[in-house]
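One structure is given below, encoded as structure tokens.
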Number of protein chains: 2
Amino acid sequence: MTAKISPELPERLVAAALAALERGEDVGLRALARDTGVSAMAPYRHFRDKDALLAAVAMRGFADLRDQLLAANAAPDPREALVAQGQAYLAFARARPALFRLMFAGHDGGPPPIEDNAYGVMVRRVRELAPVSLEAATLACWSAVHGMATLALDGGLSPDGSSVEHAALKMIVAGISAAKRS
Amino acid sequence: MTAKISPELPERLVAAALAALERGEDVGLRALARDTGVSAMAPYRHFRDKDALLAAVAMRGFADLRDQLLAANAAPDPREALVAQGQAYLAFARARPALFRLMFAGHDGGPPPIEDNAYGVMVRRVRELAPVSLEAATLACWSAVHGMATLALDGGLSPDGSSVEHAALKMIVAGISAAKRS
DNA sequence: CACTGTATGATTACGCTGTAAACATCATGG
DNA sequence: CCATGATGTTTACAGCGTAATCATACAGTG
């Protein structure tokens, strides 16, 4: 009665986790295994423990986020592009809140939250604005956007205040592009 | 064999939770009750469920945070004061990371993360800088500081990069004080 | 082809958790 | 003096993460 079907259990587990997150449920190894039609211990053949699985899910999330940022990066003007990236970041957090929170929940072994090229997508644009104090400018920009997303999820922001958010983002890039030296 | 001693179980439970958080352990109702020398079900006489207890803990955290911000608010110049507040906010998050994360973890029934006067402490200073676009400026400032704190906890920032952080904070207030209209 | 090692999954079991239900004990006010 | 409500205890149950052990199927080698 061994199944041994269908492609790659790990992928199906991660997919099931993403689905559960989208559904607003809280993910658990057992429920996850049940959804995948497999025994409770099966996931342990592919992930050291629950955190390892969640780290894999988070990585998928970071990849998606990077794609969203890239898609929003079209404008030639760096200021416009950065604001658009910020809005995309916010939209991602609001569209998939549980996943977003998981991504930044600090599961020990996982990758740093600033992952892969999602970071690079932004840094390239910031460099056009503030090449001398790049580090500080990048930190300011990313912090502001990430903080706004977090506050939005936790109820501090009204979900329809997009014009205020837009104005705030413009202030940030203004402050950044005004920097001459550290 | 009924204890019925000592002042107010709820306070002692919250205190035990804070202690456990400070110790880096993860809080649980049972362990909490054990630390307090009381039975596992006792907390339910004072809190509807675990989330309610955590919400109380979070409120205590917000009060502490507000005090830190007030203490950092001394400088007469609003720009300096805001930067100092940001640094205090960061210091709080780094000094008590588990509590900070709990405060913004979005336990349903709790208060909004921007709590009490902690918010007001900052808003008053922002108003001196950008009275016309207050909403956006406040959002920009709070978002940046909160995002920096979150990123710091999740390993994205080096713990000794305080000069970069300082520069980033200055950029933020520069962008805010440059705002003339929305 | 038979044989064996390795990868994958299933079973079982343990201690932990949050919490529902029923019971005991006290302080208090009619 | 006794009923009543507030507080804490005991017992019980379902769910969780995971350690240990067993079963199966496939791959490579003789």
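Numbered from 1 within each chain, the chains take letters A, B, ... in sequence-line order.
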Atom NE2 of A:H46 and atom CG of A:L13: how far apart are they, to the nearest 0.5 Å?
7.5 Å
Report the distance from atom CG of B:L32 to atom P of C:dT19, rounded to the nearest whole Å.
13 Å
Rounded interatomic separation in angstrom, taking CG from B:L53 and C1' from C:dT19
14 Å
Using side chain to side chain donor-acceptor pair (under 3.5 Å) as the criterion, list what pairs up with A:D64, not counting sequence neighbours.
A:R96
Give one of base, sugar-phosphate or nothing for A:A42, where a contact means two heavy atoms less than 4.0 Å apart.
sugar-phosphate
Partners meeting salt bridge (charged side-chain N to carboxylate O under 4.0 Å, His left out) with B:R94 (sequence neighbours left out)
B:E165
Which atom pairs, donor and acceptor, lie under 3.5 Å between side-chain atoms of residues 25-33 of chain A and protein residues at least two apart or in another chain?
{"from": "A:E25", "atom 1": "OE1", "to": "A:R23", "atom 2": "NH1", "distance (Å)": "3.0"}
{"from": "A:E25", "atom 1": "OE2", "to": "A:R23", "atom 2": "NH1", "distance (Å)": "2.6"}

Show each protein N/O and nucleotides 18-20 of chain D N/O combination with a separation under 3.5 Å, one pair to a line.
{"from": "D:dT18", "atom 1": "OP2", "to": "A:Y44", "atom 2": "OH", "distance (Å)": "2.7"}
{"from": "D:dT18", "atom 1": "OP2", "to": "A:K50", "atom 2": "N", "distance (Å)": "3.0"}
{"from": "D:dT18", "atom 1": "O5'", "to": "A:Y44", "atom 2": "OH", "distance (Å)": "3.0"}
{"from": "D:dT18", "atom 1": "O4", "to": "A:R30", "atom 2": "NH1", "distance (Å)": "3.0"}

Atom pair distance, as rounded to whole Å: CD in A:E25 and P in D:dC16
11 Å
Any residue meeting salt bridge (charged side-chain N to carboxylate O under 4.0 Å, His left out) with A:E128, in chain and number order, not counting sequence neighbours:
A:R125
Could you tell me the separation between the CG atom of B:D26 and the P atom of D:dC16, rounded to a whole number of Å?
18 Å
Counting just side-chain N and O atoms, does A:H46 come under 4.0 Å of either OP1 or OP2 of C:dA7?
no
Pairs flagged by side chain to side chain donor-acceptor pair (under 3.5 Å) wherever residues 31-40 of chain A is involved - sequence neighbours left out:
none
With A:V164, which residues qualify under side chain to side chain contact (heavy atoms under 4.5 Å, CB included), at least two apart?
B:E135, B:A136, B:L139
Using the test side chain to side chain contact (heavy atoms under 4.5 Å, CB included), find all partners of A:A137 that sit at least two apart in sequence or belong to another chain.
A:V126, A:A130, A:I176, B:M171
Rounded to 10°, the angle between the first-five-pair and last-five-pair axes of the helix from C:dC1-D:dG30 to C:dG30-D:dC1 is 10°
